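Note sheet for the following structure.
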Amino acid sequence: MGWDIVIRGIGVGVAVAAPVGPIGVIVLQNALRNGFWRGVSAGLGAVLGDGVFALATGFGLTAISGKIMAYNKIIMLAGAGLLLFMGVRTFFARPSADELALGHAETGRPMVGFGAHIALLATTFFITIGNPATLMGFIFIFSSVGGLIQRPGDYTDAAILVISVMLGSLLWWSFLSAVATRLRDHLTARALRRIHHISGGLILAFGAFVIAELFRTYWAG
């Protein structure tokens with residue numbers, strides 16, 4: 001196995017996940033509100049979305065990338081709708097007793113049900129896929145960093161690359177969730193309410209930006 005591909009793939013995964021964006025805000029807000037695993041659940045949706053983009057780029061699957069670009073306006077509209085919904089929901093969320101009962105995790109009882117994790121994962125997946133610019137970013141990075149676009153038929157290295165990118169993305173979201181969970185120990189109800197307002201406002205702003213971009217491309221086209 002080419003360890004250089006693994007290291008570069010992990011680096012790409014971190015690079016595409018680290019910039020501040022709607023997923024980062026959602027991961028932080030969920031980790032602060034419900035702990036580490038809720039933050040990781042939010043990040044996993046982005047990991048899967050990054051995996052789809054890495055798959056299309058690493059394997060040279062023009063069919064996948066073509067479909068994403070062909071339906072980019074519909075995908076972006078769906079992603080914007082999810083962002084607006086989550087922004088409003090987050091902004092008006094009130095801190096519950098469980099959110100501030102920070103010793104709750106020690107009892108071994110999950111703070112949220114399994115279905116909530118799956119729903120959050122699906123939401124962040126579609127938000128990630130709803131940003132075709134990420135696909136362009138993958139193509140640019142893979143083309144710029146030597147050796148990341150493999151020779152035709154080199155499926156083993158391409159598969160290693162895709163898995164490594166997803167691992168890098170997962171490591172970043174896990175790190176971010178761990179930091180946020182540590183900060184929970186010092187939160188008050190007032191601070192948590194303020195975090196809800198700031199997070200909700202940022203998510204709404206991201207959604208509004210996507211809507212504005214759609215209008216701009218519509219009138220330009």
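Predicted model only: the values in this text are computed from it and were never measured.
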Completion exercise
CZ of F206 to CG of L84, rounded to nearest 0.5 Å, is 12.5 Å
Exercise for the section: Kindly compute the distance separating CG (L167) from CD1 (I10), expressed to the nearest 0.5 Å. Expected result: 4.5 Å
Handout entry: side-chain contact (heavy atoms from CB on, under 4.5 Å) against T128, all qualifying residues, sequence neighbours excluded
Key = I23, A46, D50, F53
Practice task
State, with a plain yes or no, whether a side-chain heavy atom of F125 is found less than 4.5 Å away from one of V52.
Solution key: yes
Problem - With R89 via side-chain contact (heavy atoms from CB on, under 4.5 Å) - residues at least two apart - result: F85
Problem - Connected via hydrophobic side-chain network under 4.5 Å: I26 and F126 - result: yes
Exercise for the section: Kindly indicate whether the side chain of I198, heavy atoms from C-beta on, has any atom under 4.5 Å from the side chain of V25. Expected result: no
Handout entry: Residues which pass side-chain contact (heavy atoms from CB on, under 4.5 Å) with I118, listed by chain and number, not counting sequence neighbours
Key = F114
Handout entry: Non-neighbouring partners of F91 that pass ring pair (Phe, Tyr, Trp, His ring centres under 6.0 Å), sequence neighbours left out
Key = H197
Exercise for the section: Taking all non-hydrogen atoms of both residues into account, name the closest pair between M166 and G51 and its distance. Expected result: CG-CA, 3.5 Å
Practice task
Please answer whether the main-chain N or O of V165 pairs with a side-chain N or O of S169 as donor and acceptor at a distance below 3.5 Å.
Solution key: no
Fill in the blank from the handout: Sequence neighbours excluded, the answer for ring pair (Phe, Tyr, Trp, His ring centres under 6.0 Å) partners of W172 is F175
Handout entry: Side-chain touch V6/S164, heavy atoms, less than 4.5 angstrom
Key = yes
Problem - Reported CG-to-CD1 distance for the pair L204 and I211, which is rounded to 0.5 angstrom - result: 11.5 Å
Practice task
Could you grab the distance from atom CG of L48 to atom CG of L170, nearest 0.5 Å is fine?
Solution key: 9.5 Å
Fill in the blank from the handout: Hits for side chain to side chain donor-acceptor pair (under 3.5 Å) against T124, two or more places apart or cross-chain, chain-then-number order -> none
Problem - Within-4.5 Å side-chain heavy-atom neighbours: R33 and R38 - result: no
Practice task
Taking N34 for its side chain and N30 for its backbone only, find out whether a donor-acceptor pair lies under 3.5 Å.
Solution key: no
Problem - Set of residues satisfying side-chain contact (heavy atoms from CB on, under 4.5 Å) with respect to F36, sequence neighbours excluded - result: V40, S174, S177, A178, T181
